[in-house]
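Notes follow the structure.
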Amino acid sequence: MTQEIIFSVWESPEGGYEARALSAPIFTEADTLEELHSAVSHATECHFGKVECPKLVVLYFERG
C-alpha cells in the first residue's frame, strides 16, 4: 500500500487550479484551493479505493 502521494499544483491559465499526482495517473482541477483539496481527496480515493488510499496527501505548489 502506498503511504503517501504527492501532487504538483499550479494555477490554471483559465483560472482556478490544477493538480497532477507524481506517482499515479491522477489529475483534477477546481476553482478554489478549498475545492481543490476536496477534489484531490476524492480523485485519490477513486483511484486507490478506500482500503488502499494513501494516508498522507501532499500538495506541492509550483510558481511559474
Side-chain angles (χ1 to χ4, degrees):
M1 170 182 5
T2 303
Q3 294 298 316
E4 89 173 3
I5 188 164
I6 300 171
F7 281 81
S8 177
V9 177
W10 61 94
E11 289 186 50
S12 175
E14 296 84 28
Y17 298 90
E18 300 178 23
R20 182 178 309 277
L22 302 182
S23 61
I26 305 171
F27 175 83
T28 191
E29 59 189 359
D31 292 330
T32 67
L33 288 176
E34 183 177 300
E35 291 173 353
L36 185 68
H37 283 115
S38 179
V40 165
S41 294
H42 183 263
T44 302
E45 188 175 298
C46 285
H47 180 78
F48 289 102
K50 288 186 184 243
V51 175
E52 297 292 319
C53 197
K55 301 292 183 217
L56 179 63
V57 177
V58 178
L59 302 180
Y60 176 77
F61 289 85
E62 296 185 22
R63 300 284 181 204

Exercise. Could you walk me through whether L59 and Y17 pass the side-chain contact (heavy atoms from CB on, under 4.5 Å) check?
Worked result: CA-CA 12 Å; L59 302 180; Y17 298 90; over 6 Å; no
Exercise. E35: what forms a salt bridge (charged side-chain N to carboxylate O under 4.0 Å, His left out) with it, not counting sequence neighbours?
Worked result: none
Exercise. Which residue pairs pass the side-chain hydrogen bond (donor to acceptor under 3.5 Å, both in side chains) test with at least one member in residues 22-32, sequence neighbours excluded?
Worked result: none
Pair up each side-chain donor or acceptor in residues 39-50 with any protein partner under 3.5 Å, not counting sequence neighbours, and list the distances.
{"residue": "S41", "atom": "OG", "partner": "H37", "partner atom": "O", "Å": "3.1"}
{"residue": "T44", "atom": "OG1", "partner": "V40", "partner atom": "O", "Å": "2.7"}

For this session: Indicate if F61 and I26 have the same hydrophobic cluster label, given that clusters are the connected sets of ILVMFWY residues with side-chain heavy-atom separations under 4.5 angstrom.
Result: yes
Just distance, no hydrogens or angles: give the donor-acceptor pairs under 3.5 Å from side chains in residues 4-13, sequence neighbours left out.
{"residue": "S8", "atom": "OG", "partner": "E62", "partner atom": "OE2", "Å": "2.2"}
{"residue": "W10", "atom": "NE1", "partner": "E18", "partner atom": "OE1", "Å": "3.3"}
{"residue": "S12", "atom": "OG", "partner": "E14", "partner atom": "N", "Å": "3.3"}
{"residue": "S12", "atom": "OG", "partner": "E14", "partner atom": "OE1", "Å": "2.8"}
{"residue": "S12", "atom": "OG", "partner": "E18", "partner atom": "OE2", "Å": "2.9"}

